[in-house]
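One structure below.
Side chains included, hydrogens not; waters and symmetry mates left out as well; all remaining heavy atoms used. Please read these numbers as outputs of a predicted model, since none were measured by experiment.
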Amino acid sequence: DGCGHTVLGPESGTLASINYPRTSPNSTVCEWEIRVRPGQRVQLKFGDFDIDDSDSCHSSYLRVHNGIGPNRTEIGKYCGFGFQMDSLITSKSNEVTVQFMSGIHTSGRGFLAAYSTTDKSDLITCLDNASHFSEPEFNKYCPAGCVIPFADISGTIPHGYRDSSSLCMAGVHAGVVSNTLGGQINVVISKGIPYYEGSLANNVTSKVGPLSASLFTFKTSGCYGTLGMESGVIPDSHITSSSILEWPNQTGQVNIWKPENARLKRTGPPWAAFISDEHQWLQIDLNKEKKITGIITTGSTLAEHYYYVSAYRILYSDDAQKWTVYREPGVGKDKIFQGNTELYQEVRNNFIPPIIARFFRINPVKWHQKIAMKVELLGCQFSLGRAPKITLPPPTQNKNDEKNADFMDDFIHSVKTSLQTDKTTFTPEIKNTTVTPNVTKDVALAAVLVPVLVMVFTTLILILVCAWHWRNRKKKTEGTYDLPYWDRAGWWKGVKQFFPTKSAEHEETPVRYSSSEISHLRPREVPTMLQTESAEYAQPLVGGMVGTLHQRSTFKPEEGKEASYADLDPYNSPIQEVYHAYAEPLPVTGPEYATPIIMDMSSHPSTPLGAPSISTFKAAGNQAPPLVGTCNKLLSRTDSASSAQALYDIPKGQPGPGSADQLVYQVPQSVAHPTVSEDE
């Protein structure tokens, strides 16, 4: 009569003295026989130990034995108030006996302990909470039986649980471990929140909690998505029931609470059975096998109809003909799931291990007034094949085999379930594919080749365009100085607008004409020499010019007259050679005509017809060669008031009638010339 909370699972469990955590009664005794799989050993861990030791463990104590029965041997005898036992007690076989004796005493809570097989090195007890561990993330093994009435939790998934909550009890509430089987938990610690919600899940009630410094959540496989009741993925035709409630209201209108109304969070009435008995059911066809990990239920959600289901069974099938009732591994009876306690609250139950089936059926066994409910299924896609059949050797007549027969049946069931459900972490709404493997490879190959071919063709097109563009530019460059006959005189005006007024690459002083250059000129023989105050024109094309020639400038005609040279007359002077900044130097190898420079003197009042134009080219060397030969007249401009004539330069190396004196610069042909006086 001294046994308290006890859950003995096939691999782990929890046991406590009677009335724990309050003072245990006098003169009580309890004995637990623990058995695990053959070949395994048992380890025992105490979460709390508080036994009166006033008589040196004579009448009140806890004793642990190797084995069961009369042949057992003692491992140890323990007592004491607040006794701390950090180390684990380990057996020598797969069987252990724990004996608790309570004599005459006035205080002492008794004890709470957990056990597991020795391969679970990270075993904890149901009393451990997150504040006992400093790591931000850790793995622990929770024993079976941690849904205990004397422990509290606050919070829910996915928001998290308060750090003062029992880790294993919160794991059961979250659906990551089973209260019957225990299991591994992966805990993540994070910053706390101001408020923790309460909920009912897996027969564990989570309470509302206040602010805390930290909280914890669990890492899971991710197979907890909704399967389509609320969203409508499951069509109405796939939701059926044993019966439908139909009844007229006060106005005479017939209300039909059809099975398709049993969608969670759907407004309006729920599904309700016409007859409320244990033979009613709600069935859902998932269209193909799914991995079902949980279910959420509510009542009618109508205040005027206070109906809900408080307990139910779960059945599943692959063909809707042969049905299997859900049972937990190691338990020889159907599992009854706790349902709702009122009509609004959502209650969640998880299936550990998960159910693999296409057809899912809910069989209410308890209800309030009438059977009425709304549901949603949790889980994900399942694409693995069926589990292989497990064959066992013929049974022997050995007594030890008979003793473990029930255990082996439970173990085989759990192995089948694990084979079916391992490695399944797909999301709930993955669409199926009907593409054959060969087609899939072709599609992948095409997906790679098409972009490559597009890039190759694009590159070829770009190369051809660039080559064509470069060829055109080369042609234009070669014919730069072959001016069209129809606009030779106005060529400079058209080109000048494309030159920058100021070069951004060079910052040197502008070019001015030297006095020595001006001294070569005679009055009335050359145009007025001009000074450029700023480099408004483009860079000269001729290299090896006079030292005073600047890279940025050529020549800019002045608007007014220069005081010393205003009356110079360029028309009576023989043709002289002038350096010009825009002409290309002629090659040395042979004679070649240079581009003529046209001066439009039609606006000059004293311009005589047939006035020769002035050559702008200079042969290689320091001295200009004499110009010999005749000058040909150019075509006159048809759009001018009085036609002006210009002469071609004579090829270099030929004698000419002009003077050998060299002129350095020439007035640009596109600029209007100032009127000069003939007085000088």
Side-chain angles (χ1 to χ4, degrees), residues 1-18 29-47 62-78 85 87-101 111-126 141-148 168 177-184 327-333 335 352-353 390 392-393 395-418:
D1 58 355
C3 299
H5 173 76
T6 302
V7 175
L8 303 181
E11 291 187 345
S12 64
T14 301
L15 53 151
S17 58
I18 188 171
V29 63
C30 183
E31 192 173 280
W32 295 267
E33 294 179 351
I34 300 171
R35 184 181 292 108
V36 297
R37 290 179 297 173
Q40 295 281 0
R41 294 186 300 159
V42 180
Q43 59 184 6
L44 191 68
K45 182 180 180 66
F46 289 98
L62 181 77
R63 183 176 289 170
V64 182
H65 301 269
N66 271 315
I68 296 174
N71 296 327
R72 64 191 183 187
T73 59
E74 183 177 309
I75 298 175
K77 186 178 182 181
Y78 312 96
M85 189 181 297
S87 60
L88 300 175
I89 299 173
T90 304
S91 69
K92 296 180 179 179
S93 67
N94 67 317
E95 296 178 341
V96 169
T97 299
V98 178
Q99 185 182 42
F100 170 66
M101 183 70 69
F111 77 96
L112 181 141
Y115 76 90
S116 73
T117 55
T118 52
D119 58 336
K120 311 295 189 302
S121 59
D122 48 2
L123 173 68
I124 59 176
T125 70
C126 302
Y141 184 83
C142 288
C146 279
V147 177
I148 49 181
C168 294
V177 293
S178 167
N179 184 57
T180 305
L181 301 174
Q184 201 79 25
R327 294 182 178 183
E328 290 182 310
V331 180
K333 60 181 180 179
K335 180 171 183 178
I352 303 175
I390 298 178
L392 297 176
T396 62
Q397 300 300 322
N398 191 305
K399 293 183 180 180
N400 292 332
D401 293 337
E402 293 176 357
K403 183 184 294 184
N404 295 325
D406 293 339
F407 173 80
M408 290 302 298
D409 291 340
D410 297 336
F411 170 68
I412 292 170
H413 179 76
S414 63
V415 169
K416 287 181 179 180
T417 307
S418 63

Seminar exercise, completed: Closest non-hydrogen atoms of N179 and V147, given as atom of the first, atom of the second and distance, are OD1-N, 2.9 Å
Problem set entry | Any donor-acceptor pair under 3.5 Å from H5 side chain to G145 backbone | yes
Exercise. Under 6.0 Å from the NZ atom of K92, do we count more than 12 heavy atoms belonging to anything else shown?
Worked result: no
Exercise. Measuring from F100:CZ to C30:SG, what's the distance to the nearest 0.5 Å?
Worked result: 8.5 Å
For this session: Return the minimal non-hydrogen interatomic distance between C3 and E31, and the atom names on each side.
Result: SG-N, 4.2 Å
For this session: May I ask you to decide if G4's main-chain N or O and T6's side chain share a donor-acceptor pair within less than 3.5 Å?
Result: yes
Exercise. Can you tell me how far NZ of K45 sits from OH of Y141, rounded to the nearest 0.5 angstrom?
Worked result: 14.5 Å
Exercise. Counting distance only, does the side-chain N/O of T97 pair as donor-acceptor with the main-chain N or O of G67 below 3.5 Å?
Worked result: yes
Problem set entry | All salt bridge (Lys or Arg N to Asp or Glu O under 4.0 Å) counterparts of E33, not counting sequence neighbours | none
For this session: Indicate yes or no for a side-chain donor-acceptor contact from S91 to the backbone of V42 under 3.5 Å, with no hydrogens or angles considered.
Result: yes
Exercise. Is the gap between the SG atoms of C142 and C126 under 2.5 Å?
Worked result: no
Exercise. CD of E11 to CG of L181: how many Å apart, nearest 0.5 Å?
Worked result: 8.0 Å
Exercise. Less than 4.5 Å apart, any side-chain heavy atom of H65 and any of Q99?
Worked result: yes
For this session: Please check if atom CZ in R41 has more than 12 non-hydrogen atoms from other residues, nucleotides or ligands closer than 6.0 Å.
Result: no
Seminar exercise, completed: Here the gap from I148 atom CD1 to L112 atom CG, rounded to the nearest 0.5 Å, amounts to 6.0 Å
For this session: Using ring-ring contact (aromatic ring centres under 6.0 Å, His included) as the criterion, list what pairs up with F46, not counting sequence neighbours.
Result: F49
For this session: Over all heavy atoms of both residues, which pair between A114 and T125 is shortest? Give the atoms and the distance, please.
Result: CB-CG2, 4.0 Å
Exercise. Between the side chain of N66 and the main-chain N/O of R72, is any donor-acceptor distance below 3.5 Å?
Worked result: no
For this session: Can you measure from NZ (K120) to CD (Q40) and round to the nearest 0.5 angstrom?
Result: 6.5 Å
Exercise. Are Q43 and S116 linked by a side-chain donor-acceptor pair shorter than 3.5 Å?
Worked result: yes
Exercise. Taking side chain as C-beta onward, heavy atoms only, is L8 less than 4.5 Å from Y115?
Worked result: yes
Problem set entry | Side chain N94, main chain R35, donor-acceptor under 3.5 Å | no
Exercise. Where do P143 and T14 come nearest, in terms of heavy atoms and distance?
Worked result: CG-OG1, 3.8 Å
